Amino acid sequence: MTEYGIIASIQKYTIHDGPGIRTEVFFKGCPLRCLWCSNPEGLEAKPELGFYPDKCLGEAECGWCRRACPAPPPPGVHVSAGFDTDACRDCLKCAEACPAGAIRVWGQRYTVPELMTEIRKDRSFYDKSGGGVTLSGGEVLLQWEFAAALLRACREEGIHTCVESALHVPWAHAAAVFQYADMIITDIKHMDSKVHKALTGAGNERILENIRRLAALGKPLVVRTPVVPGYNGDEESIRSIASFLRDELGGALLQYQLLPYRKMGTEKYASLRRPYPLADYRVPERSEWEPALRRYASVLREEYGLPAVAGSGAKLE
């Protein structure tokens, strides 16, 4: 088993990714590149440095990052300019030295015992609310051995677990992890594989086959669709997904969630020196998207017999 996992962040008191109040552990590394991804810090499988210039005290007032860097750039050039060059040795010393939090490390190594220490701190919230731990990402299943070990440790202590995965991975890796999970959340972004590849960087054949296999496991299963008008938010696309869910999952679906698109994570893209893929996209007003999602959910319930809801706030049991 891998001794440690690379974790982008740990978020406390989440309420939308599984039942009750949860601790959410975000894994680093993802094989997809979705246009609307709001967690760019989870894409690469290694620790990365993010720079927030509005927090920086400036070299004249501070300069601690420069003094800590083993290969600093020329005077007058901030250390962050070297993050994406061969000069940067990924030692992360600049982040450790920064007193203002202007340099952040996205991705830290944790062992299972270290993560369990964090998870146990919220045990009283799990017990009172019916919550637990959710593993998300990035893509959890890229670090499948570590994820399985963490879920097994949670099960040994009676902590409810949920795994959120895009399922673009070998089924053997997914099965090794899901045997220890109490609930699984996945998503279908588009049924047309060519369109799916344009939206995410990969086709959907493996994902759909894994969802079919997942349904056979008998685990509580939640499927989501991030509904992005102009990309997959038309009625034909939604109905196509609904037909698959009705015809292929054999009643295994606990809930189907239609999620609104929100332009989130832009500051994280900037900190990582990456362009936001939908920077020029006009985000629909709530008065536009909310009635559309509610109407779609109603149609899917009435015509397809699916447990469809608008948004992720509906209660999960």
Side-chain angles (χ1 to χ4, degrees), residues 17 27 29-40 42-45 135-144 147 162-178 181 183-217 219-261 277-278 281 292-293 296-297 299-300 304 306-309 312:
D17 294 330
F27 283 53
C30 184
L32 301 180
R33 292 296 182 269
C34 302
L35 295 180
W36 48 78
C37 177
S38 60
N39 293 317
L43 296 179
E44 298 297 327
L135 307 188
S136 189
E139 174 52 69
V140 173
L141 302 182
L142 290 187
Q143 300 184 59
W144 62 277
C162 178
V163 175
E164 189 172 6
S165 169
L167 289 177
H168 188 61
V169 295
W171 173 250
H173 296 177
V177 172
F178 290 160
M183 180 178 288
I184 300 158
I185 299 174
T186 189
D187 57 5
I188 299 178
K189 301 171 180 71
H190 207 285
M191 288 301 298
D192 186 301
S193 186
K194 291 183 179 178
V195 176
H196 192 280
K197 185 172 183 178
L199 299 179
T200 71
N204 64 5
E205 290 84 0
R206 169 179 272 182
I207 292 170
L208 296 179
E209 180 57 31
N210 282 343
I211 291 176
R212 293 185 185 98
R213 294 182 175 186
L214 178 55
L217 295 182
K219 304 268 185 179
L221 172 62
V222 176
V223 176
R224 294 170 165 172
T225 295
V227 181
V228 188
Y231 292 91
N232 68 347
D234 58 283
E235 187 165 338
E236 180 181 357
S237 296
I238 300 299
R239 284 182 177 272
S240 180
I241 295 171
S243 295
F244 173 86
L245 296 175
R246 179 194 61 195
D247 299 340
E248 300 283 352
L249 299 194
L253 188 63
L254 175 64
Q255 196 172 91
Y256 176 46
Q257 299 177 351
L258 297 164
L259 305 183
Y261 166 75
L278 296 182
Y281 180 76
L293 292 191
Y296 286 155
V299 167
L300 300 190
Y304 293 80
L306 295 174
V309 297
S312 60

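Atom set for the values below is all heavy atoms of this structure, side chains included, hydrogens, waters and symmetry mates excluded. Here the structure is a predicted model, which means the values were calculated and not measured.
- Side-chain atoms of C34 and L199, non-hydrogen and from C-beta on, never get closer than 4.5 Å to each other.
- To the nearest 0.5 Å, atom NZ of residue K219 and atom CD1 of residue I184 are 6.5 Å apart.
- Panel note: side chain N232, backbone P226; a donor-acceptor pair is recorded below 3.5 Å.
- Contact record, L32 with A202: CD2-CB, 3.6 Å, taken as the closest heavy-atom pair.
- Residues T200 and K189 form a side-chain contact, since some pair of their non-hydrogen atoms from C-beta on lies under 4.5 Å apart.
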Can you list the steps and then say if L245 with I188 is a side-chain contact (heavy atoms from CB on, under 4.5 Å)? CA-CA 10 Å; L245 296 175; I188 299 178; 3.9 Å; yes
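- Residue G233 comes nearest to V227 through the heavy atom pair CA-CG1, 3.6 Å, listed as atom of the first residue, atom of the second, then distance.
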For D17 and C162, run side-chain contact (heavy atoms from CB on, under 4.5 Å): C-alpha distance rounded to whole Å, both residues' side-chain angles, the deciding distance at 0.1 Å, then the answer. CA-CA 8 Å; D17 294 330; C162 178; 5.9 Å; no
Steps toward side-chain contact (heavy atoms from CB on, under 4.5 Å) verdict (R224, L258): CA-CA 6 Å; R224 294 170 165 172; L258 297 164; over 6 Å; no
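- Counting heavy atoms from C-beta on, the side chains of H196 and I207 come closer than 4.5 Å.
- Annotation: the span from F178 atom CZ to N210 atom CG amounts to 8.0 Å, rounded to 0.5 Å.
- With rounding to the nearest 0.5 Å, the separation of CG in L221 from OG1 in T186 is 7.5 Å.
- A side-chain donor from one of T225 and Y256 sits under 3.5 Å from a side-chain acceptor of the other.
- When all heavy atoms of L142 and C30 are compared, the pair lying nearest together is CD1-N, 3.6 Å.
- A 4.5 Å side-chain heavy-atom check between F27 and L135 finds at least one atom pair inside the cut-off.
- Interatomic distance, H168 NE2 to E205 CD, rounded to the nearest 0.5 Å: 9.5 Å.
- Counting only heavy atoms from C-beta outward, the side chains of L259 and S312 approach each other to under 4.5 Å.
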Given side-chain contact (heavy atoms from CB on, under 4.5 Å), test L208 with R213 step by step and report yes or no. CA-CA 9 Å; L208 296 179; R213 294 182 175 186; over 6 Å; no
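- Between R239 and E236 there is no salt bridge, since no side-chain N of the basic residue sits under 4.0 Å from a carboxylate O of the acidic one.
- Side-chain atoms of E139 and S165 form a donor-acceptor pair, as typed in the model, at a separation below 3.5 Å.
- Of all heavy-atom pairs between G203 and S193, the closest is CA-OG, 3.3 Å.
- Closest approach of P260 and L293 over heavy atoms only: N-CD1, 3.6 Å.
- Taking the six-membered ring for Trp and the full ring otherwise, the centers of Y261 and Y281 sit less than 6.0 Å from each other.
- Between V222 and M183, the shortest heavy-atom distance links the atoms CG2-SD, 4.5 Å.
- Taken from CE in M191 to OG in S243, the straight-line distance is 8.5 Å, to the nearest 0.5 Å.
- For the atom pair CG (D192) and CG (N204), the distance works out to 7.5 Å, reported to the nearest 0.5 Å.
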